[in-house]
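Proteins come first, then strands; the chains are lettered A, B, ... in the order of their sequence lines, and each starts at number 1. For clarity, every value in this text was computed on a predicted model and none was experimentally measured.
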There are 2 protein chains.
Amino acid sequence: MNTEHKPLDYPLSRDEVVQLLQQYKISPTRQRIEIASYLFQRPQHLSADRILDGVNVVGHRVSRATVYNTMGLFTEKGLVREVLIDRERVFYDSNNSHHHHIYNVDTGELRDLDSVHVDVQGLPTLEPDLDVVSTEVIIKVSSR
Amino acid sequence: MNTEHKPLDYPLSRDEVVQLLQQYKISPTRQRIEIASYLFQRPQHLSADRILDGVNVVGHRVSRATVYNTMGLFTEKGLVREVLIDRERVFYDSNNSHHHHIYNVDTGELRDLDSVHVDVQGLPTLEPDLDVVSTEVIIKVSSR
DNA sequence: TTGCGTGCAAACGCTTTGCATATTA
DNA sequence: TAATATGCAAAGCGTTTGCACGCAA
């Protein structure tokens with residue numbers, strides 16, 4: 001998995017998308033480019049279904065299976081993050097900077113929280129054979 | 001929702017389970033008592049399916065629908081927490097003390113992390129109409 | 001021409017729901 | 001006896017998979 005996180009300059013041009021895919025060792029097929037272009041218009045949280053709709057409005061047709069395959073691949077390669085907060089579906093996060101989330105349990109709104117401002121301290125020492133993959137902070141808020 | 005979190009003394013006796021349910025404004029039917037007794041044997045993370053199996057081994061029969069209804073109710077009332085980390089299924093957490101989680105992405109193991117040792121600082125000021133429901137820290141680790 | 005990627009439809013698995021029956025207050 | 005809870009089976013829905021076809025190296 002690519003662990004670099006140079007800040008991206010949203011929205012990404014087609015060429016930048018291609019470079020990004022290659023950088024993450026993903027061969028840039030037409031469908032993958034279209035999906036990534038849609039994702040990296042801006043930092044956002046999208047479900048597979050919304051990606052499918054979004055891509056098929058602007059570009060050529062991409063099948064549901066390809067969206068799922070592609071998002072699985074993008075996640076595996078570290079290009080996007082899965083956000084598992086909503087019980088209903090998985091969200092894919094195109095914000096590649098280090099950040100946390102604020103989730104409104106009443107509206108379902110998912111907002112980014114810049115990790116520069118958040119500090120997690122006092123973690124225990126883990127077994128030496130364990131690598132920390134990520135540290136996520138999720139603040140759940142209610143507007144009721 | 002009941003927000004008290006007196007430390008529980010695991011495992012809970014049948015009487016303590018009944019009191020706990022009443023404290024959370026849940027009327028203690030036979031099935032709910034059996035499910036809660038199974039959950040509160042110890043702090044643990046269980047899927048609906050494992051609850052179903054566990055309850056039906058030791059006690060009377062409880063249906064799948066009742067397990068789902070009951071866990072939905074327990075969650076709504078604040079008796080247990082849903083932990084949404086694994087894409088496959090929801091885990092219900094019977095540890096009622098304030099804590100975070102360490103999730104091993106390779107083995108699927110989910111471990112508690114006492115919140116006494118973790119400090120989250122630098123949260124932004126939220127809109128005044130928003131209440132913070134919870135602050136969760138999830139450390140993902142890999143053993144590969 | 002060999003392997004990888006895509007698309008369709010069917011299958012899958014967790015969860016929810018409709019409705020009849022049972023239990024509780 | 002009215003309201004709530006339970007159980008069964010079927011339906012729902014996001015996601016995955018099998019397989020044939022297409023495309024690229």
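Closest approach to the B:V90 side chain among D:dT6, C:dT15, C:dG7 is made by C:dT15 (side chain taken as heavy atoms from C-beta onward). The listed nucleotides are D:dG7, C:dG5, C:dC8; the one nearest the side chain of B:A65 is D:dG7. Residue B:T29 places its side chain closer to D:dT6 than to any other of D:dT15, D:dT6, C:dT6.
Between B:R89 and C:dG13, a side-chain N or O to OP1/OP2 separation shorter than 4.0 Å is absent. The side chain of A:Y68 contributes no N or O atom lying less than 4.0 Å from OP1 or OP2 of D:dT16. Between A:R87 and the phosphate of C:dC14, there is no side-chain N or O to OP1/OP2 separation shorter than 4.0 Å. Between C:dT6 and A:T66, no contact under 4.0 Å exists linking OP1 or OP2 to a side-chain N or O. Put simply, B:R64 has no side-chain N or O that comes within less than 4.0 Å of OP1 or OP2 on D:dC8. Contact check, B:Q31 against C:dT23: no side-chain N or O comes under 4.0 Å of OP1 or OP2.
Taking atom CG of B:L21 as the reference point, atom C1' of C:dT24 lies 15 Å away to the nearest angstrom. In this structure, A:E34 places its CD atom 17 Å from P of C:dG5, rounding to the nearest Å. In this entry the distance linking CZ of B:R30 with P of D:dG7 reads 6 Å, nearest Å. Rounded to a whole Å, the CZ atom of A:R50 is 16 Å from the C1' atom of D:dG14. Between B:F91 atom CZ and C:dC14 atom P the separation is 11 Å, expressed in whole Å. The separation between B:M71 atom CE and C:dT16 atom P is 12 Å, rounded to whole Å. Per the geometry, NZ belonging to B:K77 stands 13 Å off C1' belonging to D:dT4, to the nearest Å. One interatomic measurement links the two molecules: NE2 of A:H60 to P of D:dG22, which rounds to 17 Å at whole-angstrom precision.
Across the interface with DNA chain D, nearest-nucleotide mapping of B:N69 and A:N69 shows B:N69 to be the residue nearer the 5′ end. In terms of position on DNA chain C, the residue among A:E88 and A:S63 whose nearest nucleotide sits closer to the 5' end is A:S63.
Listed by first and then second residue, the salt bridge (charged side-chain N to carboxylate O under 4.0 Å, His left out) pairs that reach into residues 48-74 of chain A are A:D49-A:R64, sequence neighbours excluded.
When each of B:R30, B:R32, B:Q31 is checked for a side-chain hydrogen bond (donor to acceptor under 3.5 Å, both in side chains) with B:E34, only B:R30 meets the rule. Checked options B:T29, B:I35, B:T75; the residue passing with B:T70 is B:I35 (criterion: side-chain contact (heavy atoms from CB on, under 4.5 Å)).
Shown here for B:D106 and B:S143, the closest heavy-atom pair between the two residues is OD2-N, 2.9 Å.
Ion pairing between A:E127 and B:R111 holds under the 4.0 Å rule for side-chain N and carboxylate O.
Contact annotation for A:S47: no contact, since no heavy-atom pair falls under 4.0 Å across all strands.
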